[in-house]
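See structure below.
Just so you know, these numbers use all the heavy atoms, side chains as well, and skip hydrogens, waters and symmetry mates.
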Amino acid sequence: MIEVHPEAQAEIDEAVFSHEDAGVRLLRLIDRLVLLIERFPKNGTLVLDHDTPYELRRYALRTFPYQLFVLDRNGTLHLIACAHTKREPGYWKERLQ
């Protein structure tokens, strides 16, 4: 099970709301991706530029401009951000603390 950071949940909610008719489809894609991450947590792209000893991985949504950032703290997965690809890169890094 992935623990979802409150700000990441707010980002998901905002993304779903902002896509109106496609919001339900976006939420389903996010839910499916989360299930895949739980089963295959190493499939994401390793993010190397962060200040934590834990593995951080990025998972892209194919049909929407969002990426999920998941931190693996000794086997516990934490969804840190649901970041729009046009948003300022790394704005969510303060959540790694």
In Å and rounded to the nearest 0.5 Å, what is the CZ to CD distance from Arg57 to Gln67? 14.5 Å
Are Leu61 and Leu26 close enough, and set up right, to give a side-chain contact (heavy atoms from CB on, under 4.5 Å), and what steps lead you there? CA-CA 9 Å; Leu61 288 165; Leu26 172 59; 3.9 Å; yes
Please check if Val34 and Phe69 belong to a single hydrophobic cluster, counting links between Ile, Leu, Val, Met, Phe, Trp and Tyr side chain heavy atoms closer than 4.5 Å. no
Of all the heavy-atom pairs spanning Ala15 and His19, show the shortest one and how long it is. O-ND1, 2.8 Å
With a 4.5 Å cut-off on side-chain heavy atoms, are Val70 and Leu56 touching? no
Are the side chain of Glu38 and the backbone N or O of Ile2 linked by a donor-acceptor pair below 3.5 Å? yes
Geometric cation-pi criterion, Arg87 with Tyr91: 6.0 Å, 45°: yes
With sequence neighbours excluded, what pairs up with Arg28 under the salt bridge (Lys or Arg N to Asp or Glu O under 4.0 Å) test? none
For the pair His78 (side chain) and Ile80 (backbone), establish whether a donor and an acceptor sit closer than 3.5 Å, ignoring hydrogens and angles. no
Applying salt bridge (Lys or Arg N to Asp or Glu O under 4.0 Å), run through Arg95 and Glu3 and close with a yes or a no. CA-CA 13 Å; Arg95 301 177 195 170; Glu3 295 182 17; over 6 Å; no
Distance in Å, Asp13 CG paired with Leu27 CG, rounded so as to fall on 0.5 Å steps: 8.5 Å
By side-chain contact (heavy atoms from CB on, under 4.5 Å), which residues pair with Asp72, not counting sequence neighbours? Lys42, Glu55, Leu77
Calculate, to the nearest 0.5 Å, the distance between atoms CD and CD belonging to Glu7 and Glu94 respectively. 6.5 Å
Kindly work out whether a path of hydrophobic side-chain contacts (I/L/V/M/F/W/Y, heavy atoms less than 4.5 Å apart) joins Tyr54 to Val47. yes
Is Tyr59 reachable from Phe64 through a run of hydrophobic residues whose side-chain heavy atoms are each under 4.5 Å from the next? yes
Give the intermediate values and the outcome of side-chain contact (heavy atoms from CB on, under 4.5 Å) for residues Leu33 and Leu68. CA-CA 9 Å; Leu33 182 54; Leu68 301 183; 3.6 Å; yes
side-chain contact (heavy atoms from CB on, under 4.5 Å) assessment of Leu96 paired with Asp51: CA-CA 8 Å; Leu96 296 173; Asp51 296 325; over 6 Å; no
I'd like to know if Trp92 and Ile12 are part of one continuous hydrophobic network [Ile/Leu/Val/Met/Phe/Trp/Tyr, side-chain heavy atoms within less than 4.5 Å]. no
Say you draw a straight line from CD of Glu11 to CG of Leu79; how long is it, rounded to the nearest 0.5 Å? 8.5 Å
